[in-house]
Amino acid sequence: MLYPKINHRRDVYNLNGVWEYAFVEEDYLPTAMNPNGKPMAVPASYNEILTDMNMKEYSGKVLYEREFAVPKREDCLYRLRIGATSHKCEVYLNSEKIGEGINGFYPIDLPLEGLKEQNRLSIVIDNRLTAQTFPNGRIKNGKQLIQHDFYNYTGIHRDVLVYTLPKQHIDDVVIRTVVDGDYGKVSVEVRGEYKDIRYRVLNERGEEVVCSKENVFQIPDPVRWEVLNSYLYTLIVETDTDQYEEKFGIRKVEIKGTQFLVNDKPVYFKGFGMHEDFFVLGKGNNPAVTLRNFECMKWINANSFRTSHYPYSEEVLDLADRYGFLVIDEAPAAGLVLWEECFGENGANEETLAIHKELMKRLYERDKNHPCVVMVSVSNEPQTTEKNSEKYFEEVFAYTRKFWEVPVTLVEPSLGYAHNSCVAKFSDVICVNRYLGWYTNHGDLTVIEEKLTKDLTDFYEKYKKPVILSEFGADTIEGLHTLPAEGFSEDFQTFYIAENCKVLDKLDFCIGEHVWNFADFKTQQTTGRVRGNRKGVFTKERQPKMAAYYLKERWKNK
Ligand code: GCB
């Protein structure tokens with residue numbers, strides 16, 4: 001799947017802006033422009049824009065609609081690209097259903113046939129989470145119950161584009177670097193219709209370094225894509241009728257013993273679990289917010305993040321490629337804890353499993369060419385202690401590995417231990433979440449050292465795989481200080497993080513630390529949340545809390 005790009009063969013028209021929205025009935029069909037439509041921004045979530053609680057918390061179907069016109073050309077095909085709508089949706093062009101979206105974090109790419117001079121695009125979104133959606137949820141007494149700790153933002157969250165393709169066009173481009181162990185050897189696989197094809201490669205200065213008719217070629221004096229020191233080449237595929245440009249980086253990822261190697265050098269993951277979440281926008285993609293996030297990460301000397309708990313926008317990954325961040329690309333499989341409903345009594349529920357596998361494949365189709373993606377996570381905190389999880393995840397891992405060449409992991413929950421996790425054996429790197437001294441023995445920093453050492457060492461001893469502490473953190477209200485340090489103060493957060501890090505420094509099979517979370521984020525209302533989850537090392541405004549200075553110093557030389 002290729003991102004729509006503009007060049008002399010292809011056009012892109014942006015449909016972002018102010019659309020009409022309306023909450024609609026279950027069986028609603030958009031036969032004409034809805035007369036009750038009110039203005040709504042795209043991309044954005046409606047939840048942070050509306051001021052009425054019932055509307056903000058609405059669960060059900062919501063219509064997004066707009067009219068549009070594009071220049072008409074007979075010599076090309078038209079397609080629609082919706083970056084993401086949360087969650088499922090049905091898409092209609094001039095009252096005709098043209099397709100569906102199956103998940104809130106993946107693009108929907110559909111042919112647009114029979115375009116008129118003036119057209120109406122209607123998207124009916126369903127934001128309800130069930131046992132068979134990703135993430136999972138449950139509707140009880142008409143109320144949406146959510147199984148995970150992030151807000152169920154709803155809306156069109158990423159760009160809506162109409163684009164053209166030549167009739168005979170390139171469908172897909174897969175770029176593989178470092179084939180046969182030689183740096184600079186590149187192989188390109190192009191799917192599509194063409195008679196002639198050539199491959200050109202430009203370096204970062206825009207100079208042509210390769211021009212080849214063959215799909216396997218050597219880049220002279222290759223410059224590698226390194227962690228925090230990226231180098232991106234541009235591949236231009238030219239056929240007799242079409243052209244597509246894709247950036248790529250030359251980098252090799254490997255696990256040797258307990259080392260995670262990027263370009264033959266061991267790396268230590270320093271960074272965060274994050275969320276796509278900001279004031280007013282909700283989950284609406286915004287490059288200014290992404291850039292502020294990345295500038296903060298550079299400032300604090302982080303080198304990596306996990307796209308917890310769903311695939312982030314393609315624009316985020318483009319920028320991560322450029323900043324040289326290492327990304328653990330996570331599927332939207334959060335909250336897989338409803339074992340009876342999701343998985344049945346005797347093993348995997350076929351429907352859940354089939355969707356999960358499809359999402360792993362689509363993740364590959366979308367993100368395969370990004371050098372920043374160095375590992376894929378199939379799920380965050382499923383109930384790995386449940387016996388049925390073994391069969392289920394054996395299949396998910398095997399299927400994921402059919403596509404992905406990078407290591408594959410799964411993030412173990414706080415109650416998943418080496419002795420009771422049915423699935424840790426499938427991971428290439430064991431990612432473990434721990435909130436010792438926070439959710440257990442709350443406020444007691446003295447419990448961390450012994451318990452964390454034991455939990456992580458047990459995993460290593462049993463599986464002999466490298467381990468990442470993929471979540472640890474403490475809710476912190478900025479400006480709150482206590483002496484001695486008590487929970488929710490900036491002091492406590494700083495000492496809490498330092499105490500965990502002290503353990504990691506002693507365990508050489510540990511290859512990384514991802515603090516939970518990069519910034520404060522919205523959750524559903526509940527007693528343990530003061531306007532959301534406050535474990536951010538940065539506030540929601542993206543200003544540093546006290547712990548940020550500790551981490552900046554620690555990560556400078558780590
Ligand atoms: C976790 C989850 C994360 C939560 C976090 C917390 O284990 O993976 O989604 O937000 O704990 O703060 O409770």
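Note that this is a predicted model, so its numbers are computed, not measured. In each ligand, atom 1 is the first atom listed, and ligand 1 is the first ligand listed.
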Ligand-residue contact atoms, ligand 1 with [X], heavy atoms, under 4.0 Å:
X: Phe521; value: 10 (O)
X: His309; value: 3 (C), 8 (O), 9 (O)
X: Asn533; value: 6 (C), 10 (O), 12 (O)

Please state which protein non-hydrogen atom is closest to [atom] and give its distance, to 0.1 Å?
atom: atom 2 (C) of ligand 1; value: Glu471 OE1, 3.2 Å
atom: atom 10 (O) of ligand 1; value: Asp149 OD2, 2.5 Å
atom: atom 12 (O) of ligand 1; value: Lys535 NZ, 2.5 Å
atom: atom 7 (O) of ligand 1; value: Glu381 OE2, 2.5 Å

For Phe150 and Tyr310, take the angle between the two ring planes, folded into 0 to 90°, and tell me which bin it lands in: parallel under 30, tilted 30 to 60, perpendicular over 60.
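Taking Tyr310 first and then Phe150, their aromatic rings sit tilted (interplane angle of 30° to 60°).
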Parallel, tilted or perpendicular, as decided by the 30° and 60° cut-offs, for the rings of Tyr417 and His419: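 His419 and Tyr417: parallel rings.
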Leu504: which of Ile468, Ile511, Val467, Leu469 passes side chain to side chain contact (heavy atoms under 4.5 Å, CB included)
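Result for side chain to side chain contact (heavy atoms under 4.5 Å, CB included) with Leu504: Leu469.
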Ion pair Glu295/Arg292, N-O distance below 4.0 Å: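 Salt bridge between Glu295 and Arg292, a charged N being under 4.0 Å from a carboxylate O: no.
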Point to revise | Sub-4.0 Å heavy-atom approach of Phe150 to ligand 1 | key: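 No; Phe150 lies far enough from ligand 1 that no heavy-atom distance drops under 4.0 Å.
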Are any of the heavy atoms in Arg529 under 4.0 Å away from ligand 1?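 Right, Arg529 reaches ligand 1.
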Please confirm whether Phe269 and Phe260 have ring centers closer than 6.0 angstrom.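 So the answer is yes for these two rings.
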Aromatic centroids of Trp516 and His275 separated by under 6.0 Å: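 Ring-ring flag for His275/Trp516: true, centres closer than 6.0 Å.
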Query - ligand 1 to Tyr439 polar contact by distance, N or O atoms, under 3.5 Å - result: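 Such a contact does occur with ligand 1.
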Carefully, step by step, assess Tyr58 and Leu50 under the rule side chain to side chain contact (heavy atoms under 4.5 Å, CB included). CA-CA 11 Å; Tyr58 169 86; Leu50 303 177; over 6 Å; no
Using the rule ring-ring contact (aromatic ring centres under 6.0 Å, His included), only one of Tyr312, Phe325, Phe272 pairs with Phe294; which is it?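 Passing option: Phe325.
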Report the part of Thr523 (side chain from C-beta onward, or backbone N, CA, C, O) that has a heavy atom under 4.0 Å from ligand 1; answer both or neither where that applies.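 Thr523 to ligand 1: no contact under 4.0 Å from either part.
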